[in-house]
Amino acid sequence: MLARMTVVFLLVILPPLFLAAWQSQPREHFENADVLYDWASNTRGDQLRTFVTRPKKLHGKVPVLFFVGWLSCDSVEYPQGETDGFGAMLLRLIDQSGYATVRVDKPGIGESQGTPCSKADFQGELEGYQSAFDSMSKYDFIDLDRIFVMGLSNGGGFAPLVSRQHRVRGFIAAGSWGRTWYEHMLENERLRLANAGKTRAEVNDAVKVFSQFYDLYLIQGQTPGEIIGRHPQWKDYWYDSPEGQYGRPAAFYQQLQALNLGEVWQKVDSPVLVLRGTNDTIMSRTDSAAIAETVNRVHPGKARYLEPDGMSHDFMVGNKFYGELVSTILDWMKKQLAANN
């Protein structure tokens, strides 16, 4: 019934040309789940594309796994299959869990309306996740008392801000961060420079510059271009856009820096599973372990930290997806449900 109502909505509301394009583009297919293409509306009035899956063998209400995505401006839909490690993780959890799942494309990505992702700030992105989370209440097959939230990369750091005060059975933070973005970036720069073959002396000199640069950028609110304009001697150190970094505007990272993830995670009293591979060069051990340490300091034993040997940021070991991690996650969620019944 819900799928038919969605189709009716599309036929009535969407312009014919848009509808034709929507019908013709490739879509995901699962052996054990059906996909519902729906919308969530954020406070800015944008219609955001959601991807809701439900098990084909459905008996009453089922648990739900809500995904909070990564930093880059890429869709969370994978119509071409497992094209990367993140896609493999999403698709296998959807098909193997027996749970409902919910994903949402950020404003300006795919069919989602809104400011283009390359110009959108973090607050708008967060509101999109919150809107999609709230939209779960309209699906009669989702058990709102059995919600899990999985944050991937950047999304794992702020995942509790998505669910807010709603009870969650567990959080999964995969390749994530739990301290300030300033600290994260300084460590990231040191690693990047070392991997580029710089000497220890060159690395230290550069980190001294970056410590000032990121203070002006992340804390004082200047753009990289403004900083270079005032400090031309630093020009050769900056390797990205004058307006931002990694395809996102400066305001996005300034808003990340403004978060107090220590406060966010110490309020979490649900079980937490933190995952990070030893070969992750994006989020450090200190970044990820901070989440587990914060939770366990307030709620001893609530958080579990796992560090698969040789696994990269995108869940690959060598050139192969680390499939054992899917089983680990599924087993952990089942244990949380059994413990709370």
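Here, residue 1 is the first one in the sequence, and each next residue gets the next number.
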Self-check item: Audit row: N204, V207, side chain to side chain contact (heavy atoms under 4.5 Å, CB included) steps and yes/no
Solution: CA-CA 5 Å; N204 284 349; V207 170; 5.6 Å; no

Quiz item: What are the two closest non-hydrogen atoms of G156 and A173, and how far apart are they?
Solution: O-CB, 4.0 Å

Exercise. Go through the side-chain N and O atoms of E189 and Y237 and say whether any donor and acceptor fall under 3.5 Å apart.
Key: no

Self-check item: Candidate list W265, F158, W332, F67, test ring pair (Phe, Tyr, Trp, His ring centres under 6.0 Å), partner F171, passing option
Solution: W265

Self-check item: Salt-bridge contact K267-E263 (side-chain N to carboxylate O under 4.0 Å)
Solution: yes

Self-check item: Donor-acceptor contact present, side-chain D84 to main-chain F86, <3.5 Å
Solution: yes

Quiz item: Any idea which heavy atoms bring G244 and W238 closest together, and the distance?
Solution: O-CZ2, 3.6 Å

Practice problem: Using atom types as modelled and distance alone, determine if a side-chain donor or acceptor of Q257 lies under 3.5 Å from a backbone N or O of Y182. | Solution: yes

Exercise. Provide the closest heavy-atom pair for A100 versus I142 in the form atom of the first, atom of the second, distance.
Key: CB-CG1, 3.9 Å

Quiz item: Shortest non-hydrogen contact from S176 to G157?
Solution: CB-N, 3.8 Å

Practice problem: Give the intermediate values and the outcome of side chain to side chain contact (heavy atoms under 4.5 Å, CB included) for residues I291 and Y305. | Solution: CA-CA 9 Å; I291 297 175; Y305 179 83; over 6 Å; no

Practice problem: Measure the CG-CZ distance between L186 and F210 for me, rounded to the nearest 0.5 Å. | Solution: 9.0 Å

Quiz item: Under 3.5 Å, is there a donor-acceptor pair linking the side chains of Y139 and D38?
Solution: yes

Practice problem: State the CD1-CH2 distance between I282 and W177, to the nearest 0.5 angstrom. | Solution: 14.5 Å

Quiz prompt | Qualifying residue for salt bridge (Lys or Arg N to Asp or Glu O under 4.0 Å) with E77, from K106, R103, R27, R49 | solution = R27

Exercise. Answer yes or no: are there more than 12 heavy-atom neighbours, outside K56 itself, under 6.0 Å from its atom NZ?
Key: yes

Self-check item: Side-chain donor-acceptor contact under 3.5 Å, D287 with S284
Solution: yes

Quiz item: How far apart are the C-alpha atoms of D74 and I109, what are their side-chain angles, what is the distance that settles it, and do they pass the side chain to side chain contact (heavy atoms under 4.5 Å, CB included) test?
Solution: CA-CA 7 Å; D74 297 301; I109 292 297; over 6 Å; no

Exercise. Look at the rings of W234 and H231 and say which category their plane angle falls in: under 30° parallel, 30 to 60° tilted, over 60° perpendicular.
Key: parallel

Self-check item: E243/K119 ion pair, N-O < 4.0 Å
Solution: no

Practice problem: Check the surroundings of atom CG in N195: do more than 12 heavy atoms from other residues, nucleotides or ligands lie under 6.0 Å from it? | Solution: yes

Quiz item: Under 4.0 Å between a Lys/Arg side-chain N and an Asp/Glu carboxylate O for R304 and D331?
Solution: no

Quiz item: Is the backbone N or O of D145 less than 3.5 Å from a side-chain atom of R169, with the two atoms forming a donor-acceptor pair by type?
Solution: yes

Exercise. State whether the side chain of N296 and the backbone N or O of A292 hold a donor-acceptor pair below 3.5 Å, judged by distance alone.
Key: yes

Quiz item: Cluster question for you: counting only ILVMFWY and a side-chain heavy-atom cut-off of under 4.5 Å, with indirect links fine, are F148 and M150 together?
Solution: yes

Practice problem: Using atom types as modelled and distance alone, determine if a side-chain donor or acceptor of R146 lies under 3.5 Å from a backbone N or O of K61. | Solution: yes

Quiz item: When rounded to the nearest 0.5 angstrom, what distance separates CE in M311 from CD in E324?
Solution: 11.0 Å

Quiz item: Between L36 and F141, is a side chain to side chain contact (heavy atoms under 4.5 Å, CB included) present by the stated rule, with each step listed?
Solution: CA-CA 12 Å; L36 306 178; F141 57 87; 3.9 Å; yes

Quiz item: Quick one: does D95's side chain have a donor or acceptor within less than 3.5 Å of a partner on N32's backbone?
Solution: yes

Quiz item: Hey, what's the ring geometry for Y217 with Y253, parallel, tilted or perpendicular (30° and 60° as the breaks)?
Solution: perpendicular

Quiz item: Is R164 reaching over with its side chain to a backbone N or O of V162, donor-acceptor style, under 3.5 angstrom?
Solution: yes

Quiz item: Between R179 and T286, what is the shortest heavy-atom contact and its length?
Solution: NH1-CG2, 3.6 Å

Quiz item: Any sub-3.5 Å donor-acceptor pair from Y129's side-chain atoms to V104's backbone N or O?
Solution: no

Quiz item: Do the side-chain N and O atoms of S75 and D105 include a donor-acceptor pair separated by under 3.5 angstrom?
Solution: yes

Quiz item: Within 45 degrees of the axis of the six-membered ring of Y239 and under 6.0 Å from its centre: does R192 put its NZ or CZ there?
Solution: yes

Quiz item: Counting only heavy atoms not in K198, do more than 12 sit closer than 6.0 Å to its NZ atom?
Solution: no

Self-check item: Those residues that, when tested against Y322, pass ring pair (Phe, Tyr, Trp, His ring centres under 6.0 Å) (two or more places apart)
Solution: none

Exercise. Assess the side chains of D269 and H299: does a donor N or O sit below 3.5 Å from an acceptor N or O?
Key: no

Quiz prompt | Shortest non-hydrogen separation from L193 to A206 and the atoms involved | solution = CD1-CB, 3.4 Å

Quiz item: To the nearest 0.5 Å, how far apart are CG in L126 and CZ in F133?
Solution: 12.0 Å

Quiz item: Is E31 atom CD crowded by more than 12 heavy atoms from other residues, nucleotides or ligands, each under 6.0 Å away?
Solution: no

Quiz item: Under 4.5 Å between side-chain heavy atoms, hopping through other hydrophobics if needed: is there a path connecting I219 to L256?
Solution: yes

